[in-house]
Protein chains: 2
Amino acid sequence: MSGTNRRRITSKELAKLAGVSSATISRAFSPDSRIGSATRDRILAVAREYGYQPNAIARSLNNQRSRLVALVVNAIGNPCEAEEQQLLVHRLQARQLLPILLCCADHSDRLQLMRLASTYQVDHVVIFSDMVSMQDAVDIFHTTRPIIVSFEPLENEDVSNIRIDGALGAGEIIDKIVGDGKKRFAYLSGTKSSWIDKLRRKWFADALARHGLSFEAEAFGDYSYDSGFKEAVLLLHRSKVDAIICGNDVMAIGARDAARRVLGKNTPEDIAIVGQDGIAMAAWDCNDLTTLSLDHVAFMDAVVEVIERHEAGDEGPHSITLACTPRWGSTA
Amino acid sequence: MSGTNRRRITSKELAKLAGVSSATISRAFSPDSRIGSATRDRILAVAREYGYQPNAIARSLNNQRSRLVALVVNAIGNPCEAEEQQLLVHRLQARQLLPILLCCADHSDRLQLMRLASTYQVDHVVIFSDMVSMQDAVDIFHTTRPIIVSFEPLENEDVSNIRIDGALGAGEIIDKIVGDGKKRFAYLSGTKSSWIDKLRRKWFADALARHGLSFEAEAFGDYSYDSGFKEAVLLLHRSKVDAIICGNDVMAIGARDAARRVLGKNTPEDIAIVGQDGIAMAAWDCNDLTTLSLDHVAFMDAVVEVIERHEAGDEGPHSITLACTPRWGSTA
DNA sequence: TAGTGTTGTGCAAACGATTACACAAACGCA
DNA sequence: TGCGTTTGTGTAATCGTTTGCACAACACTA
């Protein structure tokens, strides 16, 4: 049991040791199957002694269920995704499902990566990344119904989705800032290409429109602190805005630091700064960010609920909508 | 090709369609195997047409290599681990290895989780978590030689390891702080049980000893901002320390906020605060933390190097040591 | 032209489990 | 006692690949 035995013992070998057939070994490890309880106990004892565990690969081949889940994400380093992934991974583990992580950073070949994962016959696929197209996901994982995290109703009826809607929350935030006397807004995007980012921007743009306002300036970062900092400096040098809505919290913190350090502007008096995501860090004393926040726990609960329905055989497609709500901090 | 076909086509079926045997299909997908290039091209064309990809589960069963890697971590939410994992996942993906994430947060049954992963016949195991004992890891993954990230030379000769040594760097930091006139030090631990934390503490304690000093106070958090904040408040209320060494950067930021907000003490004049890890956030303008920093890129390069040696058949065990160096910020 | 490689392909046996089917033993009941 | 049911176990097929072996076709060489 202790020490390294290079080879793992197989059910057939264990069968010989326990004086039964390999079928009986298998039954000893399946909770509800016809087997004498004395036999099962004996087998489990012998199995423990020799460190036997059924080979999940062989089992998957036979069952046609791998109990693997592909998680397609942009980046782990991004705190927002990290928080969500943490929650999701725990929920999966509790259900004896193992997550395979696919990280779609810019340089990697996302499609090839997804194809590779799909050859492992994953039982479920959760797409968090807005860098892969829905159609690609459906094509590549054509045996599982993917679960897509989206920000608008989907026209494709082959995917289940979790939809996130921040229109109302964005409205509340804009109302407050306009009420405080700010008039000149800028939007600092997370990426140029992301359709998620475009939608988030639209929530705020629509809210501004109701006040007869619109974004006077735009900038594009990459969701990182550094890009938030740099773009905010450029933005504030070239236009006289008094409010910046940022694509995520991390960029908002960067923008806040830039305003304070480079231009000597304080929040919320001189300039209002708003984030999006509602990561834990936003609530830290040194940040205390006003942000359009998503309840990550509810979010991941929703994902797991859809997974469970799929597991139960009800492939839907299912759709769940979650609303974002403001977190009021001292930056706006 | 587009649209959802529930069932995946098998090599035998494709063989029929292409007018060859399934063995030939297999050979078409193995880079160097005896097969006519005309046949291969034809098969690949037909395969593309029907969306065929060899089943990795079946292949793994036959090959005895799954190309799966188990990553045993404490938590993804922790920025330090997230940064490292991000780097590692990319490197694995580039080598067509897929990571399975095992998250050892407090409540989950770590051993059962590792046993589950081991049934998937993972080719490699990387243990980042100090919540699992080395012996458990070796026992459970007895067919692969685990790679352990450790902070001291290991006596167990069955594991490869990456050893992290911060003794020198800690010395530099302590020298500087003592040189600045500070005399009363506290250590704010990440956890009570972690042996990693104990070793990190020792680096600083040894350095203090060379100045004839020692830690006057201790506190225990859980590596989170909130715990850093809370414990620092308690610590500063019950003792008159003028320097706090923290178990990680996030706690250091919490402690800094607590000192500033609750007690009105500024760094580095009133109190010196030091972190450990060297996460990206430490360098943000709003933090500018002095911290004992590890080069995460070099760290993950080392992990991958060991994996590659194992893949090449040289199971070592291998050991690589990395040193931590100070990052000088404005908090100490 | 016969002899020797070399190439390309198919057959069939693994890989390590699960499970439908068959069958013997044990049991319940009239 | 005899029949029907339940219980426990074994046999063998199956899941979808890979690969050693055999063999035919072809290309060289002498």
Side-chain angles (χ1 to χ4, degrees), chain A residues 5-44 46-47 50-68 96 116 118-123 143, chain B residues 5-44 46-47 50-68 115-116 118-123 143:
Chain A
N5 312 357
R6 231 80 272 255
R7 221 173 61 74
R8 208 173 280 269
I9 189 175
T10 71
S11 72
K12 207 166 293 184
E13 295 170 311
L14 191 72
K16 193 141 294 177
L17 290 166
V20 294
S21 77
S22 71
T24 305
I25 300 292
S26 171
R27 286 190 266 257
F29 283 90
S30 307
D32 29 41
S33 59
R34 285 186 359 192
I35 183 176
S37 56
T39 321
R40 162 170 285 148
D41 292 347
R42 186 162 46 89
I43 289 178
L44 291 182
V46 182
Y50 290 92
Y52 170 82
Q53 290 270 117
N55 179 326
I57 296 286
R59 178 196 300 225
S60 304
L61 179 59
N62 185 287
N63 284 348
Q64 314 276 55
R65 328 199 86 233
S66 62
R67 302 203 69 72
L68 295 173
Q96 309 271 88
L116 177 60
S118 87
T119 65
Y120 281 81
Q121 321 295 102
V122 292
D123 287 350
T143 53
Chain B
N5 312 357
R6 230 81 272 255
R7 221 173 59 73
R8 209 171 279 269
I9 189 175
T10 71
S11 73
K12 207 166 294 184
E13 294 169 312
L14 191 73
K16 192 142 293 176
L17 291 166
V20 294
S21 78
S22 71
T24 305
I25 300 291
S26 170
R27 285 191 264 257
F29 282 89
S30 306
D32 29 40
S33 59
R34 284 188 359 192
I35 184 176
S37 56
T39 322
R40 163 171 282 148
D41 293 347
R42 185 161 48 87
I43 289 179
L44 291 182
V46 182
Y50 290 92
Y52 171 82
Q53 290 269 117
N55 180 327
I57 296 287
R59 175 191 301 211
S60 303
L61 179 58
N62 186 287
N63 284 348
Q64 314 277 57
R65 327 200 87 232
S66 62
R67 302 203 69 72
L68 295 173
R115 269 191 281 265
L116 176 60
S118 87
T119 65
Y120 282 81
Q121 321 294 104
V122 292
D123 287 350
T143 52

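Every chain is numbered from 1 and lettered A, B, ... according to where its sequence line falls, protein lines coming before strand lines.
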Closest heavy-atom pair and its distance - [X], [Y]:
X	Y	value
B:L61	A:A58	CD1-CB, 3.8 Å
B:S11	B:I25	O-CG1, 3.7 Å
A:D123	A:S66	OD1-N, 3.0 Å

Interatomic distance, [X] [atom1] vs [N] [atom2] [rounded to whole Å]:
X	N	atom1	atom2	answer
A:K12	C:dT18	NZ	C1'	12 Å
A:R8	C:dA17	CZ	C1'	14 Å
A:K16	C:dG16	NZ	P	14 Å
A:I25	C:dT19	CD1	P	16 Å
A:Q121	D:dT17	CD	P	8 Å
B:R40	C:dT7	CZ	C1'	13 Å

- request: Side chain of A:I35 only, please: which of D:dT9, C:dT18, D:dG10 is the nearest?
  value: D:dT9
- line: B:Y52 has its side chain closest, among C:dC11, D:dT17, C:dT18, to D:dT17
Would you say [X] places a side-chain N or O within less than 4.0 Å of OP1 or OP2 belonging to [N]?
X	N	result
A:S11	C:dA17	yes
A:T39	D:dT9	yes
A:R34	D:dT7	no
A:T24	D:dG10	yes
A:Y120	D:dG16	no

task: Only one of A:Q53, A:R59, A:R67 passes side chain to side chain contact (heavy atoms under 4.5 Å, CB included) with B:T119; say which it is.
output: A:Q53
Flag, side chain of B:R40 to backbone of B:I35, donor-acceptor distance under 3.5 Å: no
query: Does any N or O in the side chain of A:S33 come within less than 3.5 Å of the main-chain N or O of A:R27, such that one atom is a donor and the other an acceptor?
result: yes
Just the atom pairs and distances: protein N or O near nucleotides 13-15 of chain C's N or O, under 3.5 Å.
from: C:dA14; atom 1: N3; to: B:N62; atom 2: ND2; distance (Å): 3.4

- prompt: Any donor-acceptor pair under 3.5 Å between the side chain of B:R27 and the base of C:dG10?
  reply: yes
